[in-house]
Colleague: 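Sending over a structure as structure tokens; questions will come in a sec.
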Amino acid sequence: MRFISTRGQTAPHSFSDAVAVGLAPDGGLFVPETLPAFDAGALARFEALKNDYAGLCFEFLRHFATDIPADTLRAIIQKSYTRFDAPDIAPLRKLDDRLHVLELFHGPTLAFKDFALQLLGNLYEHQCAVRGESINVLGATSGDTGSAAIHGLLGKPGTAIFILYPDGRTSPLQERQMACTGAENVFALAIDGTFDDAQAALKDVFGDQSFRARHHLSAVNSINLARILAQCVYYLSAWLRLPPDARAGAEFVVPTGNFGNVLAGWMLQKMGVPLRGFKVATNQNDILHRLFTTGEYRVTGVRPSLAPSMDIQVSSNFERFLYYSLGRDAARVREVMRTFKAAGRYVFENFNRDTFSASRCDDAEIPGIIRRVYEKYGYIVDPHTACALKDPDPGRPSVVLATASPAKFPDTIREAVGVEPRHPSLEALKARPLDKHKIEATPDAIKAFIAARAA
Ligand SMILES: *Cc1c(COP(=O)(O)O)cnc(C)c1O
């Protein structure tokens, strides 16, 4: 299997090369050259593995990662799902006959990003070993992605990870997840300024080609192909474990920011796994809600919310959706992206609403939803998951993806239901020394720091 760019101006890459590069050199996103078409035989093989998460993941990923020997791939995957604190990795919890919750927060940082970033960390480690080269991963974060990436690379030989974040603007627990690891290859860099300042400085660092090449820099972001493919697996696993009468009609309800999560489910459907459809649940930053209800994709400013990992302005994964929606016509993708960049808006014609529905949830509604769910089911959800529980469709079964543990958001939960959820791994962090590096958000300061500590 080879991987091509949504913009059509990059030579096909192997799986490992596409994963290593991240963004395609022509500015597009990697997609499989052809999508596998899973037939009845393939679905039966998946079915037999429905209670073996890592086994199922291998059976799925082997169709894509064809340049990695099967035994090696199996071992990489096996290792990636050992640090989850639930035996079935992604527990499917039944709240009532119509409503299931897929718990995606049992990984080391208690949010769904661990599913992809644990695997990505092990793929990087494998690559370092095969090529005999080190790798230095660099990223900016406003919260969850940075900590999940750090925990994917923690202590891995040949790698170092540098994560910039705005000092004082992440939650205290998120900061501790990044800065209390005790690992020698992890550097949490606190800057004075905003997330955008951090992003801008990073962009300059990556723009310095010779520095980039010298230190084998790689970016953490939400567009890596391996992240999307890893995320397909929990949709598949959940679908296989649904009661047979719920499978055909179930809608997957997905708390959405950058569209990476829901895109994975949609791509799985395109490969022939008969998922019925998806509800894109946004918070008050509702660019995607507006798209899926009106057909217009238009940028507005970001308003910080109680569900901060969904606070986005433009969805970076959207280009993959566009590519398939435009019949895989890379020239049209280039044209639409150009128009969108210039005008800040794009209107879809012949918009197909069969597969997607959408909902939006204001900050003012979130505590009430958490309270209602708690009173009805005795179950506590985090503020992101709450957005997806705003109005469950009574007419059909739903699977709500729970993207973070409520223990990560103790203040919002306490205000909503009067109890404070705790998690042992977060409690342990509170006792550890904070090891953060204050740094100026300038390309020179960042480069000097990396040069002194690179793997
Ligand atoms: C990242 C994140 C999201 C948004 O996921 P996307 O793939 O960006 O749509 C939702 N909830 C939580 C808790 C997250 O960390």
Side-chain angles (χ1 to χ4, degrees), residues 13-23 30 61 65 67-69 72-73 75-84 107-109 111 113-141 144-165 174 176-190 198 202 205-206 208-227 229-230 435-437 439 446-455:
H13 280 49
S14 69
F15 175 82
S16 296
D17 287 342
V19 169
V21 176
L23 189 69
F30 282 110
L61 279 181
D67 63 326
I68 301 179
T72 309
L73 181 65
I76 289 172
I77 292 169
Q78 207 74 45
K79 189 158 83 172
S80 301
Y81 297 101
T82 50
R83 295 178 60 210
F84 285 63
T109 70
K113 295 188 173 71
D114 289 325
F115 276 84
L117 288 167
Q118 286 290 303
L119 178 71
L120 192 60
N122 288 318
L123 288 169
Y124 279 149
E125 183 185 26
H126 168 67
Q127 214 137 35
C128 290
V130 168
R131 298 188 179 172
E133 284 173 358
S134 57
I135 182 166
N136 290 291
V137 173
L138 186 54
T141 190
D144 283 339
T145 305
S147 57
I150 283 173
H151 286 261
L153 284 175
L154 207 65
K156 294 213 182 300
T159 73
I161 177 162
F162 302 83
I163 297 291
L164 290 154
Y165 64 97
Q174 282 175 329
R176 293 204 151 263
Q177 285 186 318
M178 295 189 280
C180 298
T181 63
E184 282 180 6
N185 69 333
V186 170
F187 302 96
L189 309 182
L202 270 197
V205 174
F206 276 108
D208 181 341
Q209 297 299 338
S210 79
F211 184 80
R212 180 178 181 162
R214 183 157 67 250
H215 294 294
H216 302 247
L217 291 191
S218 175
V220 178
N221 49 41
S222 61
I223 50 85
N224 200 294
L225 165 83
R227 291 184 67 175
L229 294 175
D435 178 22
K436 67 176 184 183
H437 304 265
I439 189 171
I446 298 167
K447 282 191 229 173
F449 189 94
I450 294 172
R453 292 163 181 89

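Just so we're clear, the structure is a prediction, and the values are computed from it rather than from any experiment. Computed from heavy atoms alone, side chains included, the values below leave out hydrogens, waters and symmetry copies.
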Colleague: Shortest non-hydrogen contact from Gln127 to Ser16?
Modeller: NE2-O, 3.0 Å
Colleague: Locate the shortest heavy-atom distance separating Gly22 from Phe30; write the atom from each residue and the value.
Modeller: O-CD1, 3.4 Å
Colleague: Establish, from distance only, whether the side-chain atoms of Tyr124 and Ser218 form a donor-acceptor pair under 3.5 Å.
Modeller: yes
Colleague: If you look at every heavy atom in Ala140 and Leu202, which pair is closest and at what distance?
Modeller: N-CD1, 3.3 Å
Colleague: Tell me the closest heavy-atom pair linking Ala18 and Leu225, and the distance in Å.
Modeller: CB-CD2, 4.0 Å
Colleague: Are His126 and Val19 close enough, and set up right, to give a side chain to side chain contact (heavy atoms under 4.5 Å, CB included), and what steps lead you there?
Modeller: CA-CA 12 Å; His126 168 67; Val19 169; over 6 Å; no
Colleague: Out of Gln177, Lys113, Gln174, which residue meets the side-chain hydrogen bond (donor to acceptor under 3.5 Å, both in side chains) rule with Asp144?
Modeller: Gln174
Colleague: Which is it for Val186 and Leu154 under the side chain to side chain contact (heavy atoms under 4.5 Å, CB included) test, yes or no, and what are the steps along the way?
Modeller: CA-CA 7 Å; Val186 170; Leu154 207 65; 3.8 Å; yes
Colleague: Taking atom CD of Gln78 and atom CG of Asn122, what is their separation to the nearest 0.5 Å?
Modeller: 11.5 Å
Colleague: Which word best sums up how the rings of Phe187 and His437 line up, parallel for under 30°, tilted for 30 to 60°, or perpendicular for over 60°?
Modeller: tilted
Colleague: Would you give the length of the straight line joining atom OG1 of Thr145 to atom CD1 of Ile163, rounded to the nearest 0.5 angstrom?
Modeller: 8.5 Å
Colleague: Where the side chain of Glu133 meets the backbone of Gly158, is there a donor-acceptor pair that is under 3.5 Å apart?
Modeller: no
Colleague: Could you walk me through whether Ile68 and Leu61 pass the side chain to side chain contact (heavy atoms under 4.5 Å, CB included) check?
Modeller: CA-CA 10 Å; Ile68 301 179; Leu61 279 181; over 6 Å; no
Colleague: Could you report the tightest heavy-atom contact between His151 and Arg83, atom names first, then the distance?
Modeller: O-NH1, 3.0 Å
Colleague: Measuring from Phe115:CZ to Leu120:CG, what's the distance to the nearest 0.5 Å?
Modeller: 15.5 Å
Colleague: Has Asn224 got a side-chain atom pairing as donor or acceptor with Val220's backbone, closer than 3.5 angstrom?
Modeller: no
Colleague: Checking side chain to side chain contact (heavy atoms under 4.5 Å, CB included) between Ile135 and each of Leu217, Thr159, Ile161, which is the one that passes?
Modeller: Thr159
Colleague: Let me check something: any side-chain donor-acceptor pairs from residues 448-455 under 3.5 Å, sequence neighbours excluded? List them with distances.
Modeller:
none

Colleague: To the nearest 0.5 angstrom, please state how far the CG atom of Leu117 sits from the CG atom of Leu123.
Modeller: 11.0 Å
Colleague: Taking side-chain hydrogen bond (donor to acceptor under 3.5 Å, both in side chains) as the test, write out the residues that go with Tyr81, two or more places apart.
Modeller: none
Colleague: Can any side-chain N or O of Asn136 pair as donor or acceptor with the backbone N or O of His215 at less than 3.5 Å?
Modeller: yes
Colleague: Can you tell if the side chain of Phe84 reaches within under 4.5 Å of the side chain of Asp114, non-hydrogen atoms only?
Modeller: yes
Colleague: What heavy-atom pair brings Ala188 and Met178 nearest, and what distance separates the two atoms?
Modeller: CB-O, 3.9 Å
Colleague: Side chain to side chain contact (heavy atoms under 4.5 Å, CB included) for Thr109 and Ile150? Distances and angles first, verdict last.
Modeller: CA-CA 9 Å; Thr109 70; Ile150 283 173; over 6 Å; no
Colleague: Can you tell me how far apart OG1 (Thr82) and CD (Gln118) are? Round to the nearest 0.5 Å.
Modeller: 7.5 Å
Colleague: Going from NZ on Lys156 to OG on Ser134, what distance comes out if it is rounded to the nearest 0.5 angstrom?
Modeller: 16.0 Å
